[in-house]
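Please read the structure below before turning to the comments.
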Amino acid sequence: QVQLMETGGGSVQAGGSLRLSCAVSGKSSGTACMAWFRQAPGKEREGVANLNKYDSRQYYADSVKGRFIISQDNAKNTLYLEMNSLKPEDTAVYYCAMVPGVSCPVFLPRVAAYNYWGQGTQVTVSS
């Protein structure tokens, strides 16, 4: 069983930065697809970025390209999302997600593709 726990959310003014962390615990295979999603009030959950655990290749939604960076620290079993130049429209609950045993060499924003999820962390960006 895999557990994911996000930390690092908070409130920030537009143009600011935040870094989210997702601690991964429990059994997982050597390869995996790991991702960040977000869900704003009244909207569907949307994929933000995903990372192929094997080679750390990254893929992003167009809305965050050039502003967000997804990364991993294998020694700490932690996934990160560095968010820069934040905008009010980035306000949402952010979730990390994982599907062990598969690779993701493309942007994979499909919610149903992931079978492990964290509880979410709120990010609020004020103008």
Side-chain angles (χ1 to χ4, degrees):
Q1 187 72 11
V2 174
Q3 295 85 38
L4 307 177
M5 179 169 288
E6 305 95 338
T7 56
S11 296
V12 65
Q13 287 194 325
S17 299
L18 282 174
R19 189 175 81 157
L20 306 182
S21 299
C22 174
V24 181
S25 59
K27 268 194 169 183
S28 62
S29 63
T31 191
C33 182
M34 307 188 72
W36 288 97
F37 284 75
R38 66 186 181 186
Q39 189 166 18
K43 294 189 176 181
E44 292 187 353
R45 194 170 295 192
E46 63 171 356
V48 172
N50 58 268
L51 175 146
N52 195 26
K53 190 176 189 294
Y54 175 75
D55 58 12
S56 293
R57 289 197 176 187
Q58 309 148 35
Y59 305 91
Y60 298 93
D62 287 343
S63 58
V64 306
K65 271 181 189 174
R67 300 190 297 122
F68 290 13
I69 300 172
I70 185 172
S71 63
Q72 64 175 339
D73 184 330
N74 287 328
K76 295 182 179 179
N77 286 329
T78 301
L79 181 72
Y80 299 102
L81 185 68
E82 182 177 341
M83 305 185 293
N84 302 305
S85 302
L86 282 161
K87 304 175 182 180
E89 51 264 43
D90 294 319
T91 295
V93 177
Y94 283 72
Y95 299 89
C96 65
M98 178 178 178
V99 52
V102 301
S103 60
C104 50
V106 295
F107 182 48
L108 187 60
R110 191 163 53 95
V111 171
Y114 299 88
N115 49 6
Y116 294 103
W117 293 83
Q119 83 290 347
T121 186
Q122 176 71 45
V123 171
T124 302
V125 184
S126 58
S127 57

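The basis for the numbers below is simple: all heavy atoms, side chains too, and nothing from hydrogens, waters or symmetry mates.
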Problem - T78 vs Q72, side-chain hydrogen bond (donor to acceptor under 3.5 Å, both in side chains): CA-CA, chis, key distance, verdict - result: CA-CA 6 Å; T78 301; Q72 64 175 339; over 6 Å; no

Exercise for the section: List in chain and number order the residues that pass salt bridge (Lys or Arg N to Asp or Glu O under 4.0 Å) with R67, two or more places apart in sequence or in another chain; answer none if no residue qualifies. Expected result: D90

Distance-only donor-acceptor pairs under 3.5 Å for side chains of residues 97-117, two or more places apart:
from, atom 1, to, atom 2, distance (Å)
Y114, OH, L108, O, 2.8
W117, NE1, Y114, O, 3.2

Exercise for the section: Look at the side chain of W36 and the backbone N and O of C22, then say whether any donor-acceptor pair between them is shorter than 3.5 Å. Expected result: no

Completion exercise
Closest heavy-atom pair, V12 versus L18, reported as atoms and distance to 0.1 Å, is CG1-CD1, 4.1 Å

Handout entry: Verdict with supporting geometry, V24 and M34, side chain to side chain contact (heavy atoms under 4.5 Å, CB included)
Key = CA-CA 10 Å; V24 181; M34 307 188 72; 3.5 Å; yes

Exercise for the section: Would you check if Y60 and I69 make a side-chain contact, meaning some heavy-atom pair closer than 4.5 Å? Expected result: yes

Handout entry: Check: T121 and T7 side chains under 4.5 Å, non-hydrogen atoms
Key = no

Handout entry: Nearest heavy-atom neighbours spanning L4 and Q119
Key = O-OE1, 3.8 Å

Problem - Between S17 and N84: side-chain donor-acceptor atoms closer than 3.5 Å - result: yes

Problem - Shared hydrophobic cluster, L20 / L86 (ILVMFWY, side-chain heavy atoms < 4.5 Å) - result: yes

Exercise for the section: Check whether any side-chain heavy atom of M83 sits under 4.5 Å from a side-chain heavy atom of V123, and report yes or no. Expected result: yes

Problem - E6 CD to C96 SG distance, which is reported to the nearest 0.5 Å - result: 4.0 Å

Practice task
Drop me the distance from N74's CG to Y54's OH, to the nearest 0.5 angstrom.
Solution key: 12.0 Å

Practice task
Please tell me if the side chains of T124 and Q122 come closer than 4.5 Å, counting only heavy atoms from C-beta onward.
Solution key: yes

Problem - Linked, directly or transitively: F68 and I70 (ILVMFWY side chains, under 4.5 Å) - result: yes

Completion exercise
Between the SG atom in C33 and the CZ atom in R57, the distance rounded to the nearest 0.5 Å is 13.5 Å

Problem - Distance-only donor-acceptor check, side chains Q3 and S25, under 3.5 Å - result: yes

Practice task
Locate the shortest heavy-atom distance separating S71 from L51; write the atom from each residue and the value.
Solution key: CA-CD1, 3.7 Å

Problem - Derivation of the side chain to side chain contact (heavy atoms under 4.5 Å, CB included) call for Q13 and V125 - result: CA-CA 5 Å; Q13 287 194 325; V125 184; over 6 Å; no

Problem - Heavy-atom pair with the smallest gap, counting every atom of A14 and S127 - result: CB-CA, 4.3 Å

Practice task
Compute both the distance and the angle, then confirm whether R38 meets the cation-pi test with Y95: under 6.0 Å from the six-membered ring centre, within 45 degrees of the axis.
Solution key: no

